[in-house]
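Keep in mind the model is a prediction, meaning the values are calculated, not measured.
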Amino acid sequence: MAGLFFVFSVCIMQALSRLPPEQGVAVMNAINVVIQNPLFLIAFMGTALLGLVLLVMAVIWGGQGSYFLAAGGLVYLIGTLAVTIAVNVPLNEALAAAPAGQGATELWQQRYLTEWVRWNHVRSFASTAALALFVLGFART
């Protein structure tokens, strides 16, 4: 997940912002449809489930690596899953529902390319940090 969000932050969204707004909107809407597939959902939600399980198990087990595992679970659940649900998905839905033409263009230029990207940076950082914390936690157990 860290790699996916990172690539969106440093490449894909910058490339889309260079397109005429109507084209950027069309491509992003297409991406948002295609990304909702079983493989992505398994990786995205599976990591959230793993984070929750590791958080609970870290509390039960204790031990040297448990704090890292618990922190990794919390960072992923809050910084990746919660941000996605609270910010990125609603913006995706608003973009898909925006009337073609001026409505979609305004949303794209005034909110999507700033808010969505800013929060995607948060998801990039959070999922990378969660990965590092999981590795540290398992290395110390």
Side-chain angles (χ1 to χ4, degrees), residues 1-63 65-141:
M1 296 314 308
L4 175 73
F5 294 133
F6 177 78
V7 168
F8 263 90
S9 284
V10 301
C11 298
I12 294 172
M13 294 310 293
Q14 289 183 31
L16 294 181
S17 73
R18 294 179 182 196
L19 296 173
E22 308 81 31
Q23 291 177 7
V25 169
V27 172
M28 193 66 202
N29 280 333
I31 290 170
N32 287 333
V33 169
V34 170
I35 204 164
Q36 294 181 40
N37 65 68
L39 188 56
F40 170 79
L41 292 173
I42 288 169
F44 183 72
M45 296 307 291
T47 306
L49 181 59
L50 174 66
L52 182 60
V53 167
L54 289 174
L55 176 61
V56 171
M57 295 303 284
V59 171
I60 294 169
W61 284 341
S66 66
Y67 296 113
F68 291 109
L69 296 174
L74 276 175
V75 168
Y76 189 86
L77 291 169
I78 295 168
T80 305
L81 181 65
V83 167
T84 299
I85 292 168
V87 180
N88 295 90
V89 168
L91 282 169
N92 291 345
E93 291 171 347
L95 189 65
Q102 189 66 23
T105 298
E106 285 180 12
L107 176 62
W108 178 254
Q109 291 176 320
Q110 294 174 7
R111 289 190 59 213
Y112 205 88
L113 288 175
T114 54
E115 287 180 42
W116 192 96
V117 172
R118 181 182 318 120
W119 286 101
N120 192 68
H121 293 333
V122 171
R123 297 189 303 174
S124 292
F125 179 78
S127 55
T128 302
L131 174 61
L133 289 164
F134 290 150
V135 169
L136 286 169
F138 282 118
R140 295 175 187 257
T141 22

Nearest atoms (heavy-atom pairs only) where Val25 meets Ala104: CG2-O, 3.8 Å
Considering only heavy atoms from C-beta outward, does the side chain of Asn92 approach that of Tyr112 to under 4.5 Å? yes
Just do the side-chain contact (heavy atoms from CB on, under 4.5 Å) check on Leu4 and Phe40 with the steps written out, would you? CA-CA 10 Å; Leu4 175 73; Phe40 170 79; 3.5 Å; yes
Taking all non-hydrogen atoms of both residues, which atom of Leu19 and which atom of Gln23 are closest, and how far apart? CD2-OE1, 3.8 Å
Does any non-hydrogen side-chain atom of Met45 lie less than 4.5 Å from one of Leu81? yes
Please determine which of Leu133, Val59, Leu69, Leu74 meets the side-chain contact (heavy atoms from CB on, under 4.5 Å) test together with Leu54. Leu69
Working note: Val89 + Ile85, criterion side-chain contact (heavy atoms from CB on, under 4.5 Å); need CA distance, chi angles, decisive distance, verdict. CA-CA 6 Å; Val89 168; Ile85 292 168; 5.7 Å; no
Stepwise, does the side-chain contact (heavy atoms from CB on, under 4.5 Å) test hold for Phe44 with Thr80? CA-CA 9 Å; Phe44 183 72; Thr80 305; 3.8 Å; yes
Check: Ser9 side chain, Phe6 main-chain N or O, donor-acceptor pair, under 3.5 Å: no
Between Ser124 and Phe5, is there a donor-acceptor pair closer than 3.5 Å when you use the side chain of the first and the backbone of the second? yes
Answer yes or no for Arg123 and Trp116: cation-pi contact, defined as NZ/CZ to six-membered ring centre under 6.0 Å and angle to ring axis within 45°. yes
Would you sort out whether Asn120 and Met13 count as a side-chain contact (heavy atoms from CB on, under 4.5 Å), showing the intermediate values? CA-CA 10 Å; Asn120 192 68; Met13 294 310 293; 5.7 Å; no
For Pro21 versus Thr105, what's the shortest heavy-atom pair and its separation? CB-CG2, 3.6 Å
